[in-house]
2 protein chains.
Amino acid sequence: MKEVTPEVTIRRLTRYLRCLEFMSENGKKVVLSKELAKTCKISSSLVRRDLSYFGDFGVKGTGYDIEVLKQKIRNILGIDRTRNLIVIGIGNVGRVLLNYQFMNPGLRIIAGFDKDPQKAGKKINGIPVYHDDKLEEFIKNNNISIAVVAVPRDAVHEVVNRLVNSGVKAILSFALIPIQVPEDVVLSYVEIESELEILSYKLKTRGL
Amino acid sequence: MKEVTPEVTIRRLTRYLRCLEFMSENGKKVVLSKELAKTCKISSSLVRRDLSYFGDFGVKGTGYDIEVLKQKIRNILGIDRTRNLIVIGIGNVGRVLLNYQFMNPGLRIIAGFDKDPQKAGKKINGIPVYHDDKLEEFIKNNNISIAVVAVPRDAVHEVVNRLVNSGVKAILSFALIPIQVPEDVVLSYVEIESELEILSYKLKTRGL
DNA sequence: CCGTGTGAATGGCTTCACAGCC
DNA sequence: GGCTGTGAAGCCATTCACACGG
């Protein structure tokens, strides 16, 4: 049980959660830090250290109960409660998101928004799509924790500003363009091109 | 000019590149480490340190020439040459990728693959889609650096094994399930759900 | 004079190694 | 006996502060 938790630890926690979900699907009940470490390609002491920031979840001599650990991590991440999400921009990326099967029921997309009137009024995977001009009203009337921005590059700035002004505190963007948001708003990115570039770099360092 | 480059530096390099691309679009020619730092929300000394691992790209008293710096970073990342990519699985995610407009011409998707015979023979965004059973042959006949896996969860394992056996050395997966690959193969993930979980965590630490 | 590049110092993440408990 | 949880050590990334060059 420690003081300050490094951000990298949180990122690894999500990785552990994916591994644990996979293990329970395969009927596994208990896991050792060593096993979790191997699947995540890190050291077992780091796994134990990461988990120890939040409590004593393991049993000495035995390991970790997978169901218990999953629930603990969900609790730490704040996805044991329901997080209502919205998606802005129902193009190719937006459609992927509306069809996304989340492993955790806490993450729930409850609406999509698009400027195209043709798309408004329809449902995708059971999720209603509204016209863009209903955005602010919807955010205020519903309990929106997180918004995902999947609009074209040149519309990102405007959309983010509208989200911030409507009180959204967490935004995930698919377009990696620099945006300034207030201190109390968290902004992160899904960086497909960057990930590919990092792979390219690693190939290069291996002489390929 | 330093010895070993931390992996985080490479990740930040891709971020700098996005910022620089954005700046040149807006007609900017020269940038200070301080400006780059501000848009990336890090310290200016870290920007300078990151760049100094690879050479003296700046001009003392003046800053960095944006075009020069872009080219240097592309060179470091190994995307100054052409990287031929393929996408396996042409569902929603696969379609996003084939339609993806890369900022860097070095990254080039040259084919898609799918098990569905209906999809084979068509083109998406000018990129040919082949039947899955042509995968190995195509990899061997073309110069494939990187493969992107966008198949359903339960097919990932098999696809990754086939890629590895065909000689692919870098794989980007959209399904975050644990896979073992040989030492000389780089595997990374696009983790949409994990990013959302991290946002949820940050909201929670802020009392939301 | 101004901003980069970099030794030196700092701070924080990871590993080590073992005490404690099942 | 075996594995977790954790002080202490080690190591590596970041910051500091200033010499250097335009």
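Since the structure is predicted, the reported quantities are computational estimates derived from the model, not experimental observations. Numbers restart at 1 for each chain; the letters A, B, ... are given by sequence-line order, proteins then strands. Values reported hereafter were calculated over all heavy atoms of this structure, with side chains retained and with hydrogens, waters and symmetry mates removed.
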Of the candidates D/dT14, C/dG5, C/dC21, the side chain of B/S52 sits closest to C/dG5

When rounded to whole Å, the CZ to P distance for the pair B/F54 and C/dT6 reads 13 Å

note: B/R12, atom CZ; D/dT15, atom P; distance rounded to Å ~ 8 Å

Among D/dT4, D/dG7, C/dG7, the one nearest any side-chain atom of B/R49 is C/dG7

Whether A/S33 contacts D/dT4 is assessed here as follows: a side-chain N or O lying under 4.0 Å from the phosphate OP1 or OP2. Is that the case? yes

Checklist entry - Does A/S45 place a side-chain N or O at less than 4.0 Å from the phosphate oxygens OP1/OP2 of C/dC16? => result no

When rounded to whole Å, the CG to P distance for the pair A/D50 and C/dT15 reads 10 Å

**Message:** How about NZ on B/K34, more than 12 heavy atoms from neighbouring residues, nucleotides or ligands closer than 6.0 Å, or not?
**Reply:** no

B/V59 has its side chain closest, among C/dC13, D/dG22, D/dC3, to D/dG22

Between CG of B/L46 and P of D/dC12 the distance, given in whole Å, is 17 Å

Side chains of A/Y16 and A/D50, donor plus acceptor under 3.5 Å
yes

In terms of heavy-atom contacts, A/R12 and A/L46 come closest through NH2-CD1, 3.5 Å

Testing C/dA8, C/dT15, C/dT4 for proximity to the side chain of B/Y64, the answer is C/dT4

Ion pair check, A/K70 and A/E21, cut-off under 4.0 Å:
no

Taken to the nearest whole Å, CG/A/D56 to C1'/D/dG5 is 6 Å

Out of D/dT6, C/dC13, C/dT15, minimum distance to the side chain of A/P6 belongs to C/dC13

Of A/R48 and B/V31, the one whose closest nucleotide on DNA chain C sits nearer the 5' end is B/V31

- Query: Can we call the ring centroids of A/Y130 and A/F138 under 6.0 Å apart?
  - Reply: yes

Output yes when at least one side-chain N/O atom of B/S43 is less than 4.0 Å from OP1 or OP2 of D/dT15, else no. yes

A/I42 CD1 to C/dC16 P, in whole Å, measures 13 Å

Rounded to whole Å, the CD-P distance (B/E7 to C/dT14) equals 13 Å

A/K60 has its side chain closest, among C/dT4, D/dT4, C/dT14, to D/dT4

Of the listed D/dG22, D/dA13, C/dT14, the closest approach to the B/V8 side chain comes from D/dA13

